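Contents: one structure, followed by commentary.
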Amino acid sequence: MFDLTGKGALVTGASGGIGAAIAKALHGNGATVALSGRKVAALEALAAELGGERVHVVPGELSDSAQVEALAETAEAALGAVDILVNNAGLTRDMLFMRLSDEMWEEVISVNLNGTFRLTRAITKGMMRRRYGRVVTITSVVGTMGNAGQANYAASKAALVGMSKSLAQEIATRNVTVNCVAPGFIQTAMTDVLNDKIKEATLAKIPANRFGKAEDVAAAVAFLASGEAGYITGQTLHVNGGMAMI
Amino acid sequence: MSDIAERVKKIVVEHLGVEEEKVVETASFIDDLGADSLDQVELVMAFEEEFGVEIPDSAAEKILTVKDAIDFIKENVA
């Protein structure tokens, strides 16, 4: 079950905690992985850890449209075909709404939404032609629930859900599925910066009584990326220990 | 130049899975050959790839028949 032998997977934001876990899970299931991100040293380190021939490093900056086009081409060349695209790259610029600057708004939308749109457009062309593809986009529980201080991030993640559902409808007949995985509170560098008070208050709302691990998210991605998940499209799989039941 | 027409027809046959006899120059992709809007987009992509030509959206909208495609490519391929 969920064997990915012979499949090529492009994972963006692979230098981050969740991205690295996703890359490891897909690689572990047999896929050849292309690791993308901004931190080249971290990508190289992950590639060395995975080892062997089924791993490629393809750095790229998602806020730069020319780089996104180039990334799509580089990944296709490295993998032969991108059968699985995991849109994991994303950043936060948290601030209360009243003090949210245009720059903070635009930076988040530019990477999380615009970059993901452009990369997905470039990659799904080949998927359509080959009549096979799995697109999995990492969103967030806050895209559904909202979160004080994260209007920009929540907006970008909610937008990705709408984008994914629309694309899913357009290309379902081509055997390309488009789904989202929405993590709740996962222990990563992105959440380590939050203060203990916020962490405690969040934990109180999680029935599982623990924060999520990057591997919890990766397992959901590995499932949706598999051949077996071919009849699931336009969906969001929430991985949050029960903190939101949607 | 007839080579272009043959190559266009071949792409249409392969992409839409229709019989070669049906792919006459007056045939409309949607009305006669059973294409949907996504098929049209894919055909345009396939023409772009085959002939190394860029077909802008404004031109793609006007490519409704096999002849439209052949004419556009004849005019735009050096």
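Below, all heavy atoms of this structure are taken into account, side chains as well, without hydrogens, waters or symmetry copies. Here the structure is a predicted model, which means the values were calculated and not measured. The chains referred to below are lettered A, B, ... by the order of the sequence lines, with proteins before strands, and numbering in each begins at 1.
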Less than 4.5 Å to any heavy atom of chain B: does that hold for the side chain of A/Arg129, its backbone, both, or neither?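 A/Arg129 touches chain B through backbone and side-chain heavy atoms alike.
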
Does NZ in B/Lys67 sit with more than 12 non-hydrogen atoms of other residues, nucleotides or ligands closer than 6.0 Å?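 No, because the 6.0 Å sphere around NZ of B/Lys67 holds 12 heavy atoms or fewer from other groups.
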
Are there over 12 heavy-atom neighbours, none belonging to A/Met145, within less than 6.0 Å of that residue's CE? no

Compare all side-chain heavy atoms of A/Lys125 with those of B/Glu42 and state whether any distance is below 4.5 angstrom.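 They are not in side-chain contact.
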
Please name the pair of heavy atoms, one in A/Glu170 and one in B/Leu38, separated by the smallest distance, quoted to 0.1 Å.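 Where A/Glu170 meets B/Leu38 most closely, the heavy atoms are O-CD2, 2.9 Å.
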
